[in-house]
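One structure is given below, encoded as structure tokens.
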There are 2 protein chains.
Amino acid sequence: MKNLKYSRQRESIKSFLAKRTDHPTADTIYEELRKDFPNISLGTVYRNLTLLEDLGIIIKITSSYGADRYDGNTLLHNHFTCTECHRVIDLEMDNIDHIKNVASQQFSGLIEGYVANFYGRCDNCL
Amino acid sequence: MKNLKYSRQRESIKSFLAKRTDHPTADTIYEELRKDFPNISLGTVYRNLTLLEDLGIIIKITSSYGADRYDGNTLLHNHFTCTECHRVIDLEMDNIDHIKNVASQQFSGLIEGYVANFYGRCDNCL
DNA sequence: TTCGTTGCAAATGTTTTGCACCTGA
DNA sequence: TCAGGTGCAAAACATTTGCAACGAA
């Protein structure tokens, strides 16, 4: 992996994500950072998001609805997506890591991890 | 929901997916169907895939790598994605539906379902 | 000075859509 | 007949990339 150099833009993306819990998209982050960096480009945002994800500092959440979302909380947790308003919410729930073992049982490859996404309707949309 | 009319293209997509277990992309399906329907268009393939998904006849698998994939097997099962060759494989594993209850416990919305995707390296790539 | 980083714009890859024509019921 | 389906092409989106200029070490 290559050497990293300090960049104000990257730091800003990192700290922005650290204080949000609503899993913004790259575009939301871009619009937000433009307040501090009027000339920042979407390309820079994407490049840094990919970088931060590779470093394990943030998580990318892909769902079948719309653009990817980013999460500054890398502590193991699962997500819920509302099928109506498409909000993505952190779930507080007991650890379900054992499903990795269940999946491994009759599988000949190597299971390194899993992503569990729950869906339904959030309390706002019920 | 609107009335459906028979279409050879749709039937062909349906039966094609029914006999594959490798979760092809829309483009793969398109290329394959062109053998029978030289003039079929990608738009038609996408329109029918969306339709079949809405009808619950097929499943769409979204992952963070590349295009969506489609699965003709709607019996409850989970998938494994190889991080190296990006193959998507059906997992034969014990039922883990109980994770829905685990997730519901401290959640105020309504959890209707979940998607569990496992990843790692398949036996070919080990 | 060096090499990673940025802004900009163009390109890419995937999916959706408008429209005129076609087809099944 | 007529609403739904199709092919085609253009558009819409999300994301990536080439390049010349910039900036941190």
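So you know, we letter chains A, B, ... as the sequences are listed, proteins then strands, and number each from 1. Everything numeric here is computed off the predicted structure, so don't read it as measured data.
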In whole angstrom, what separates [X]'s [atom1] from [N]'s [atom2]?
X	N	atom1	atom2	value
N48(A)	dG7(C)	CG	C1'	13 Å
Y6(B)	dT23(C)	OH	P	13 Å
N39(A)	dT6(C)	CG	C1'	10 Å
D36(A)	dG7(C)	CG	P	13 Å
D54(A)	dG4(C)	CG	P	15 Å

Can E11(A) and R8(A) be counted as an ion pair, charged N to O under 4.0 angstrom?
->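 So E11(A) does not pair with R8(A) through a salt bridge.
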
Where the side chain of T74(A) meets the backbone of I58(A), is there a donor-acceptor pair that is under 3.5 Å apart?
->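 Here the side-chain-to-backbone pair does not exist.
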
Treat each ILVMFWY residue as a node, draw an edge where side-chain heavy atoms are under 4.5 Å apart, and state whether V88(A) and F80(A) are in one component.
->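 Result: no, two separate clusters.
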
Among I59(B), L49(B), T28(B), find the residue that satisfies the side chain to side chain contact (heavy atoms under 4.5 Å, CB included) test when tested with Y70(B).
->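 It is L49(B), the one option of I59(B), L49(B), T28(B) that forms the side chain to side chain contact (heavy atoms under 4.5 Å, CB included) with Y70(B).
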
Given side chain to side chain contact (heavy atoms under 4.5 Å, CB included), test F118(B) with T81(B) step by step and report yes or no.
-> CA-CA 6 Å; F118(B) 297 83; T81(B) 304; over 6 Å; no

Going by heavy atoms in the side chains, are [X] and [Y] under 4.5 Å from each other?
X	Y	value
L4(B)	R10(B)	yes
D94(A)	Q106(B)	yes
H79(A)	D71(A)	yes
I61(A)	D68(A)	no

Using the six-membered ring wherever Trp is involved, compare the ring planes of H98(B) and H98(A) and label them parallel, tilted or perpendicular (cut-offs 30° and 60°).
->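 It falls in the parallel class, under 30°.
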
Write out all pairs satisfying side-chain hydrogen bond (donor to acceptor under 3.5 Å, both in side chains) with one or both partners inside residues 109-122 of chain A, taking only residues at least two apart or from two chains.
->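 Found D97(A)-Y114(A).
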
Check the interface with nucleotides 16-22 of chain C: list each N/O to N/O pair with the protein under 3.5 Å, or write none.
unit_1, atom_1, unit_2, atom_2, d
dG18(C), O6, R47(B), NH1, 3.3

Toward the 5' end of DNA chain C, by each residue's nearest nucleotide, P38(A) or R69(B) |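 Closer to the 5' end of DNA chain C: P38(A).
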
Between D68(B) and R8(B), which has a closest nucleotide on DNA chain C that is more 5'?
->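 Closest to the 5' end, via its nearest nucleotide, is D68(B).
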
Mind checking the CG-CD spacing from N48(B) to E53(B)? Nearest 0.5 Å is all I need.
->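 CD of E53(B) is found 12.5 Å from CG of N48(B).
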
Quantify the bending of the helix from dT1(C)-dA25(D) to dA25(C)-dT1(D) as the angle between its end axes, each fitted on five pairs, to 10°.
->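 The two end axes of the helix from dT1(C)-dA25(D) to dA25(C)-dT1(D) meet at 30°.
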
Leading and trailing nucleotides of DNA chain D with any atom under 4.0 Å from heavy atoms of chain A |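 That gives a stretch of dA14(D) to dA25(D).
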
Below 4.0 angstrom from OP1 or OP2 of dT23(C), is there any side-chain N or O of Q9(B)?
->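 So the side chain of Q9(B) is outside the cut-off, no N or O lying under 4.0 Å from OP1 or OP2 of dT23(C).
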
Which pairs with one or both residues in residues 75-88 of chain B pass salt bridge (Lys or Arg N to Asp or Glu O under 4.0 Å), sequence neighbours excluded?
->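 Listed once each, the pairs are R87(B)-D123(B).
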
Sorted by number, the residues of residues 26-35 of chain A with heavy-atom contact under 4.0 Å to DNA chain C =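 Correct list: empty, so none.
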
